[in-house]
> 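Take this structure, written in structure tokens, and hold onto it; I'll ask about it next.
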Amino acid sequence: MVLVLAFVTGIATIVVGTAAGAWVAVTHGMVGIAVILLIPWKTRIAEVGMRRHGPSRWASLLLAVLTLITLVAGIGSATGLVATIAGQPAIWVHIFVALLMVPLIVWHVIARPVFPRRTDLSRRVLLRAGVIAVGAAGLYAATAATVDWLKLPGARRRFTGSYETASFNPDAIPVTSWILDAVPSVDSQRWRLDIVDAHGTRALTLAELDRSRTQVRATLDCTSGWYTDQDWAGVPLSALLHVESTARSVYVHSVTGYWIRYPVEEVDRLLLATHVGGARLTPDHGFPARIVAPGLRGYWWVKWVDRIELQTTPWWWQPPFPVG
């Protein structure tokens, strides 16, 4: 159950982009510490299980190893003591290994079901759960205080766990894509932005987008563990779209096939950027145009945009995390 809670809060942490949701990341950290506190008790149970079960014990052992790797990568990233593992950001190792654990956890629940018992609500069990919860909260607070006191790199991380990188230095922004899309080659003379709204369909050239420019300072917070503050410039989506009352979402499509739906209520906050730091976007960072979505994580900031469409489909009718 604790591992399931760790997974759920971990997924929620990836989604959170505003300070109001910082409690999710804090909860995830405390649940991780609770897993550590449960290791001695779980080890005794595992010793008995390893003797009783045949070939399946190796799957249980693999689950235990993956759990330890996830904990090490997560704590290493949170404190800043471990920036990379095998050449990859520690936070991505933490996430990737956690995803590998999912089928093993499902197998474990099915193969070794635990049925509710009357004693599960006994005073002793509830007291033990309370001690673990209080202990996890206390150790989390103590760890955070120690990181601050020792001035470890983790003291400078954002509430999402990301570290500041290349703020106001666009040339140094890391190059990442949610699904590892290759940087496309876009001919600015042939490129067109298709707009579909209450007035029908029309195509805009890059020159037409450049006729007006609004500047927004916003934080791009990538799920690979870094964030950057930049001055973005372009055209607000509210100036591009004529919103009808039936519209429920804004569909944004990339030349790579990647897409996202946003709530139509977010139109006023979204910017179609063509420039960053006073210079034209580079191909690596979304040329000729990308979405700037303040308060949302990096995978919402669609690059290489070629179509923006108002739809009657609700914004939530899409995968929790984009897959294409």
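We use all heavy atoms of the structure for the numbers below, so side chains are in, but hydrogens, waters and symmetry mates are not.
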> Any donor-acceptor pair under 3.5 Å linking the side chain of R213 with the backbone of V235?
no
> Quick one: does any side-chain atom of E309 pair with a main-chain N or O of V196 as donor and acceptor, under 3.5 Å?
no
> If only atom types and distance count, is the side chain of S77 paired as donor or acceptor with the main-chain N or O of G74 below 3.5 Å?
no
> Please report the interatomic distance OG1(T67) to CG(L62), rounded to the nearest 0.5 Å.
9.0 Å
> Could you tell me whether F96 atom CZ has more than 12 heavy atoms of other residues or ligands within 6.0 Å of it?
no
> With rounding to the nearest 0.5 Å, note down the distance linking OG in S177 to OH in Y258.
9.0 Å
> Can you spot which of L206, D210, L204 makes a side-chain contact (heavy atoms from CB on, under 4.5 Å) with E208?
L204
> Report the residues that fulfil ring-ring contact (aromatic ring centres under 6.0 Å, His included) with Y251, sequence neighbours left out, ordered by chain and then residue number.
W259
> What I want to find out is whether R202 reaches D194 closely enough, with some N-O distance under 4.0 Å, to be called a salt bridge.
no
> Knowing that exactly one of V252, L281, L272 qualifies, which makes a side-chain contact (heavy atoms from CB on, under 4.5 Å) with R290?
L281
> I'd like to check V26 versus Y140 (side-chain heavy atoms, cut-off strictly below 4.5 Å). Are they in contact?
yes
> Check R156 with D148, please: is the shortest side-chain N to carboxylate O separation under 4.0 Å?
no
> For the side chain of H28 and the backbone of A6, is there at least one donor-acceptor N/O pair under 3.5 Å apart?
yes
> Compute the ring centroids of W304 and W191, then answer whether they are less than 6.0 Å apart.
no
> Does the side chain of V102 come within less than 4.5 Å of F7's, by heavy atoms?
yes
> Would you find a donor on one side and an acceptor on the other, under 3.5 Å apart, between the side chain of W226 and the backbone of I173?
no
> Would you confirm whether K303, through its side chain, and D284, through its main-chain N or O, come within 3.5 Å as a donor-acceptor pair?
yes
> Would you mind reporting whether R280 and F287 have side-chain heavy atoms less than 4.5 Å apart?
yes
> Got a donor-acceptor contact below 3.5 angstrom from the Y163 side chain to the G80 backbone?
yes
> Rounded to the nearest 0.5 Å, how far apart are CG of D268 and CG of L237?
9.5 Å
> Check whether any side-chain heavy atom of T219 sits under 4.5 Å from a side-chain heavy atom of T228, and report yes or no.
no
> If I take atom CG from residue L209 and atom OG1 from residue T274, how far apart are they, to the nearest 0.5 angstrom?
7.0 Å
> So, the side chain of W300 versus the backbone of A293: is there a donor-acceptor pair under 3.5 Å, distance only?
no
> What I want to check is whether the side chains of Q311 and R261 have a donor and an acceptor closer together than 3.5 Å.
yes
> As an exercise, state the distance from CD1 of I33 to CD1 of I132, rounded to the nearest 0.5 Å.
13.0 Å
> Donor-acceptor pair, distance only, cut-off 3.5 Å: does the side chain of D197 make one with the backbone of H242?
yes
> For the pair R248 (side chain) and P263 (backbone), establish whether a donor and an acceptor sit closer than 3.5 Å, ignoring hydrogens and angles.
no
> Check this for me: does any side-chain nitrogen of one of R158 and D221 sit under 4.0 Å from a carboxylate oxygen of the other?
yes
